[in-house]
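The structure appears below as structure tokens.
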Protein chains: 2
Amino acid sequence: MKESIKEISKLLSEKDIRPSHQRIKILEYLMDNRIHPTVDMIYNELHEEIPTLSKTTVYNTLNLFDEVDLVTTLSIDDNEARYDIVTENHGHFICKECSEIYDFPIDMNSLFGNQLNDFNIQEKHVYFNGICPRCSK
Amino acid sequence: MKESIKEISKLLSEKDIRPSHQRIKILEYLMDNRIHPTVDMIYNELHEEIPTLSKTTVYNTLNLFDEVDLVTTLSIDDNEARYDIVTENHGHFICKECSEIYDFPIDMNSLFGNQLNDFNIQEKHVYFNGICPRCSK
DNA sequence: GTTCCTGCAAAAGCTTTGCAGAAGA
DNA sequence: TCTTCTGCAAAGCTTTTGCAGGAAC
């Protein structure tokens, strides 16, 4: 589902974020590439299009998006953060060999944290790791 | 359940790991302090007892323990790795405020990864985040 | 004009690597 | 003796911070 620049701008404005060119492009990238990208992947891809883009801006922007819940930061890779814009219920499988991340459906609502009655639960994450089919061969 | 030095040595030997003083102490610490410690916590605590201990050794040892499945490395904290020696089914709650980690019971066996039939699943992790009761006040 | 945003450079923090000396089999 | 282990120092990476110039309102 390709979103127009106008729609993306609106999305940002609704969150009280000024829709700068960089921010629009980063959000657009996240919406078009649901691959749980790293900062590096985002930077490398957009750097071609926006030669002046800096990694600092990518970091700033992603932290901002995280604060207003436009993205979820995944701490499932040992080395670097991954960013996910999909909000539907799903778990992640990360391959120990190639670090590729695969989504799989799982019903988070059926996960109850017994003994967590007094906790304010904001996010639920499920992740598996192991070897993916491509690396198994 | 306090383990004796002899028992810990045996545990290491069974994994073909030479039971050096440092390794025994680190494993003992992990067994006595089930608080998902960071490398720093382990180092600071044991440094008092073993003044010559270096952080490199703590890193080396934990990586070694991870390889032979004596510990599980948790990638649930943004900044640094956490180490868990408990193998029973449980999920983790990490507080966004104080980074404290709480265990809670959850049946991992009931978590199926649909569409992951060709995947070799080695570990299943469930983690929630939010605000813990102590920080809510 | 004033506030916010961007991006360079530098710093900070966690983790790994190289290597020499020490310890153990 | 020969292999393995330890620990210092340095390097490598990801991420954050300080700050000056630029853009937007």
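Just so you know, these numbers use all the heavy atoms, side chains as well, and skip hydrogens, waters and symmetry mates. Reminder, nothing fancy here: chain letters follow the sequence lines and each chain counts from 1.
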To the nearest Å, give me how far apart CZ (A:R82) and C1' (D:dT14) are. 13 Å
A:N79 near the nucleic acid: base, sugar-phosphate alone, or nothing, with a heavy-atom cut-off under 4.0 Å? sugar-phosphate
Ring center gap for A:F119 and B:F128 short of 6.0 angstrom: no
With nearest nucleotide decided by heavy atoms, which residue, B:D78 or B:T61, maps closer to the 5′ end of DNA chain D? B:T61
Tell me whether B:L12 shares a hydrophobic cluster with B:V58, the cluster being built from Ile, Leu, Val, Met, Phe, Trp, Tyr side chains joined at under 4.5 Å. yes
Would you say a side-chain N or O of B:Q22 is under 4.0 Å from OP1 or OP2 of C:dA23? no
Nearest heavy atom decides the nucleotide; on that basis, is B:E80 or B:N60 closer to the 5' end of DNA chain C? B:E80
Please report the distance, rounded to the nearest Å, between CD1 in B:I42 and P in D:dT6. 14 Å
Which part of the nucleic acid, if any, lies within contact of B:N63, taking any heavy atom under 4.0 Å across all strands shown: a base, the sugar-phosphate backbone alone, or nothing? sugar-phosphate
Rounded to whole Å, the NZ-C1' distance (A:K55 to D:dT16) equals 14 Å
Give a yes or no on whether a salt bridge exists between B:K15 and B:E67, defined as a side-chain N under 4.0 angstrom from a carboxylate O. no
Mind checking A:T52 for me? I need base, sugar-phosphate or nothing, with any heavy atom below 4.0 Å counting as a touch. sugar-phosphate
Tell me, please, which residues at least two apart from B:N33 pass side-chain hydrogen bond (donor to acceptor under 3.5 Å, both in side chains). none
Taking atom P of C:dT16 as reference, at what distance in whole Å does atom CG of B:D66 sit? 10 Å
Interface polar pairs with nucleotides 2-4 of chain D, N/O, under 3.5 angstrom:
from  : atom 1 : to    : atom 2 : distance (Å)
D:dT4 : O4'    : B:R18 : NH2    : 3.4

Once you round it to whole Å, what is the distance between P of C:dC5 and CG of A:L12? 11 Å
Could you walk me through whether A:D103 and A:H36 pass the side-chain hydrogen bond (donor to acceptor under 3.5 Å, both in side chains) check? CA-CA 9 Å; A:D103 287 353; A:H36 320 88; 2.7 Å; yes
B:N44 CG to C:dC14 C1', straight-line distance once rounded to whole Å: 14 Å
So does A:Y59 get a side-chain nitrogen or oxygen closer than 4.0 Å to the phosphate oxygens (OP1/OP2) of D:dT15? yes
Report yes if a donor N or O on one partner sits less than 3.5 Å from an acceptor N or O on the other, where the partners are the side chain of B:T56 and the base of D:dC8; otherwise report no. yes
Which atom pair, heavy atoms only, marks the closest approach of A:I8 to A:M31? CG1-SD, 4.0 Å
For atom CG of B:D16 and atom C1' of D:dC5, their distance in whole Å: 16 Å
Pairing residues for A:R82 by the salt bridge (Lys or Arg N to Asp or Glu O under 4.0 Å) criterion, not counting sequence neighbours: A:D77
May I have the distance from A:Y43 (atom OH) to D:dT15 (atom P), rounded to whole angstrom? 15 Å
Determine: side-chain N/O of A:S20 to OP1/OP2 of C:dT6, distance under 4.0 Å, yes or no. yes
